[in-house]
Amino acid sequence: MTKELKQYINGQWVESSDPKKLNIINPATQEVIARAAKATKEETEETIKIAKRTFESGVWSDRSPQERAAVLVQIADKLQENIDELTELEVQNNGKTRREARSDAEEAANTFRYYAGLLNIPNDQAYEASEDMQTLIVKEPIGVAGLIVPWNFPLLMSVWKIAPALAAGNSILLKPAEITPMTAVKVFELIDESDLPKGVANLLMGSGSVVGQTIAESDDVDVVSFTGSTGVGRHIMQAATGNMKKVSLELGGKSPNIIFDDADLETAVDYSLFGIFMGSGQVCSSGSRILVQEGIYDEFVEKYVEKAKGIRVGPGNDKQSQMGAIVSEKHFESILEYIRIGKEEGANLAQGGNRIKKDGLEKGFFIEPTVFTHVTSDMRIVREEIFGPVVTIQKFKNEEEAIKIANDTVFGLAGAVFSTDQNKALRVIKKVRAGITWVNAYHLTNIQAPWGGYKQSGIGRSLGTYGLGEYQETKQININLSPKPIHWFE
Ligand code: TAP
């Protein structure tokens, strides 16, 4: 039976007053797997007010860090116990492979555990400003946190926001992407089983233009944390100006992956495939622009294309599949359109470029791993985020040119360098204007490290102590240890 997804408001599962529902589709089969509520503007405003009241009541915001940590550990344990179900839901709703979804589910549990741990480490500071003056610097929750997440990592992006926002003592309102709410609903079912006071964590489903926009505009939301496209991020920033709410943005990318002549070729080819085809290229940090030094360009392309051709594309729940489906028909069409543009621009289509329709994949949104070579920096397929299994391989002459091409973009999310010369690799990676970088690797990261971009790839950082800071205010308290008049006006 098709699951009916309700909203979680003030500790209750409720229908929207709007009877219209959105069919939730499995992109590997186009089957309807659930029907989701669509919140109205009024419901969103009402939920924000509930979150504000809950925050002001102090039921959560006044709890000690240790008490909050205990609840976060409860949620982590529940996520851990439900990894299999979370994995299946993510596979069905997003189209990613089981291996990818499982890794996200494990990381989700770890993220809650990490922030619980962080709460047990002193975060405040004390200074002796003078003999008679003690200054304390304390961290406090901001208030109501509006959390807006995209469809590419529905579970992980939700948890990357929920865990630190709750750890800091805020009340929250989460809006998943309209088309991928399944794992977010499960997370809230688990939160409901924990000792988190009712009304602290709320979930609304619905469109970005209604629910997201209302969150971004609301005077009662104190921080909006958004992950998604650069275009919508810009819009959110503008909408947030009314009450000058804090804005945290994790946006798009077009990340360079630089391979020098002296790189270990097998390693470079391997990570460069992983860098773009993991998640079917629907990953913000994907290495979508491979830059290869001229001495090994032809050899690299030959090996790369051969391996890309061998990637097994199929439904995420098939053990054989190494790359899953594209999340929706709309996004699938947009990727195919970019492939058409690439051909029209004169890039050489070295591999793929087509919808896969054989072997039972006819109904799903599957695209071949696609490789364009002999591209130039002015092409749209090199400049714009395609967000699919499409990579360009560009040639460069020397270190200086590699850095110039790498930074010739409005984005600055990620980047990598492959070279056996460690000095050169470090020299070059330090010049790449991006927030998440690798030397002789791609995509590998950890919860402690801040995640976010330079330039139009965003503002602020997720994860680590930085991620907690996004949901905290910082206050100085100056204490006069010898109170007596200072006679300033005498
Ligand atoms: P978007 O279309 O930007 O949507 C992201 C979220 O914003 C969705 O929940 C969407 O709701 C909502 N939204 C849409 N219009 C809105 C508005 N006017 N006001 C407030 N919220 C609004 O992105 P996407 O297509 O889901 O995700 C892909 C993009 O996310 C890519 O650009 C990718 O690079 C980026 N991304 C970045 C990162 C990091 S960490 N930098 C991580 C993952 C993804 P609906 O979809 O329900 O309408």
Side-chain angles (χ1 to χ4, degrees), residues 5 22 24 36-39 41 44 93-94 96 104 107 146-161 173-181 184 203-218 221 224-240 245 247-255 276 278-288 326-328 330-332 334-335 338 384-388 409-414 434-436 443 445 449-464 466-467 470:
L5 305 179
L22 185 77
I24 304 303
K38 279 172 84 76
K41 183 174 171 58
T44 309
N93 194 178
N94 168 277
K96 59 178 71 188
D104 292 356
E107 204 62 2
L147 314 176
I148 304 174
V149 296
W151 45 254
N152 64 336
F153 286 85
L155 171 63
L156 203 54
M157 290 303 114
S158 298
V159 166
W160 278 15
K161 294 182 190 306
L173 165 53
L174 180 96
K175 190 207 99 60
E178 196 172 28
I179 59 172
T180 53
L203 166 75
L204 285 183
M205 284 167 277
S207 75
S209 55
V210 176
V211 183
Q213 179 79 18
T214 307
I215 291 172
E217 281 174 351
S218 172
V221 172
V224 61
S225 174
F226 168 82
T227 300
S229 59
T230 294
V232 175
R234 189 172 288 119
H235 189 77
I236 289 197
M237 214 171 157
Q238 284 162 352
K245 64 175 64 63
V247 174
S248 174
L249 303 173
E250 304 279 352
L251 308 176
K254 192 75 185 175
S255 302
I276 180 69
M278 195 268 280
S280 307
Q282 303 166 111
V283 178
C284 54
S285 51
S286 286
S288 50
I326 302 304
V327 74
S328 69
K330 186 171 159 222
H331 190 53
F332 170 78
S334 140
I335 296 168
Y338 268 112
E384 298 174 21
E385 187 184 43
I386 301 173
F387 218 55
T409 169
V410 297
F411 298 108
L413 191 61
I436 307 156
H443 277 325
T445 183
W451 183 272
Y454 289 19
K455 303 198 269 184
Q456 292 183 33
S457 288
I459 298 173
R461 295 291 181 270
S462 295
L463 299 182
Y466 299 82
E470 297 289 308

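In listed order, ligands and their atoms are each counted from 1.
- Side-chain contact between F226 and M237: absent, with no pair of heavy atoms (C-beta onward) separated by less than 4.5 Å.
- The closest protein non-hydrogen atom to atom 8 (C) of ligand 1 is V149 O, 3.4 Å.
- Judged purely by distance below 3.5 Å, without hydrogens or angles, the side chains of K161 and T227 pair a donor atom with an acceptor atom.
- Taking any N or O of S457, backbone or side chain, none lies under 3.5 Å from an N or O belonging to ligand 1.
- Shown are K175, Q213, M157; of these, the side chain to side chain contact (heavy atoms under 4.5 Å, CB included) with I148 is made only by K175.
- With sequence neighbours left out, the ring-ring contact (aromatic ring centres under 6.0 Å, His included) criterion links H443 to F274.
- The protein heavy-atom contact nearest to atom 46 (O) of ligand 1 is E178 N, 4.0 Å.
- Close approach to G252 involves these atoms of ligand 1, each under 4.0 Å from a residue heavy atom: 32 (O), 34 (O).
- For atom 30 (O) of ligand 1, the nearest non-hydrogen atom from the set P154, G228, G253 comes from G228.
- Nearest protein heavy-atom contact of atom 40 (S) of ligand 1 is W451 NE1, 3.0 Å.
- Each of the following atoms of ligand 1 lies closer than 4.0 Å to a heavy atom of G206: 47 (O).
- Protein heavy atom closest to atom 41 (N) of ligand 1, with residue, atom name and distance, is L251 O, 2.7 Å.
- Counting heavy atoms from C-beta on, the side chains of F153 and V283 come closer than 4.5 Å.
- Ligand 1 lies nowhere less than 4.0 angstrom from a heavy atom belonging to W160.
- Under 4.0 Å from ligand 1, the heavy atoms of N152 that appear belong solely to its side chain.
- A donor-acceptor contact shorter than 3.5 Å is absent between the side chain of R461 and the backbone of E250.
- Taking 4.5 Å as the limit, every side-chain heavy atom of K254 sits out of range of all side-chain heavy atoms of L413.
- Counting heavy atoms from C-beta outward, V327 and N152 have side chains that stay 4.5 Å or more apart.
- If you look at Q213 next to ligand 1, the close heavy atoms, those under 4.0 Å, come from the backbone and the side chain alike.
- For the pair E385 and ligand 1, the shortest N or O to N or O distance falls below 3.5 Å.
- When side chains are defined from C-beta on, W160 counts as touching W451, because their heavy atoms get closer than 4.5 Å.
- Between L174 and S158 the shortest side-chain heavy-atom distance falls below 4.5 Å.
- Less than 4.0 angstrom separates some heavy atom of I236 from each of these atoms of ligand 1: 20 (C), 21 (N).
- With a 4.0 Å cut-off on non-hydrogen atoms, H331 does not touch ligand 1 at all.
- For the ligand labelled ligand 1, residue G231 lies outside the 4.0 Å heavy-atom shell.
- S288 and S286 share no donor-acceptor pair across their side chains, judged by distance under 3.5 Å alone.
- For the side chain to side chain contact (heavy atoms under 4.5 Å, CB included) criterion with V149, the lone passing option out of S225, P181, P176 is P176.
- The nearest heavy-atom contact from the protein to atom 3 (O) of ligand 1 is S229 OG, 2.6 Å.
- Set against the non-hydrogen atoms of H235, the atoms of ligand 1 under 4.0 Å away are 18 (N).
- With hydrogens and angles left out, the side-chain atoms of S248 and E470 include a donor and acceptor closer than 3.5 Å.
- Nearest non-hydrogen protein atom to atom 39 (C) of ligand 1 is C284 SG, 3.2 Å.
- Closest to atom 15 (N) of ligand 1 among all protein heavy atoms lies V232 CG1, 3.6 Å.
- Inclusion of F226 in the set of residues having an N or O under 3.5 Å from an N or O of ligand 1 is not warranted.
- For atom 27 (O) of ligand 1, the nearest protein heavy atom lies closer than 4.0 Å.
- Put simply, the side chain of S457 gets close to the backbone of G252: a donor and an acceptor are under 3.5 Å apart.
- Close contacts between ligand 1 and G212 involve ligand atoms 19 (N), 20 (C), 21 (N) [criterion: under 4.0 Å to a heavy atom].
- Look at F153 and you'll find every heavy atom at least 4.0 Å from all atoms of ligand 1.
- The contact set between ligand 1 and L413, taken as ligand atoms under 4.0 Å from a residue heavy atom, comprises 41 (N).
- Looking at atom 22 (C) of ligand 1, its nearest protein heavy atom turns out to be G208 CA, 3.4 Å.
- Considering only non-hydrogen atoms, atom 5 (C) of ligand 1 lies nearest to T227 out of T180, T227, T230.
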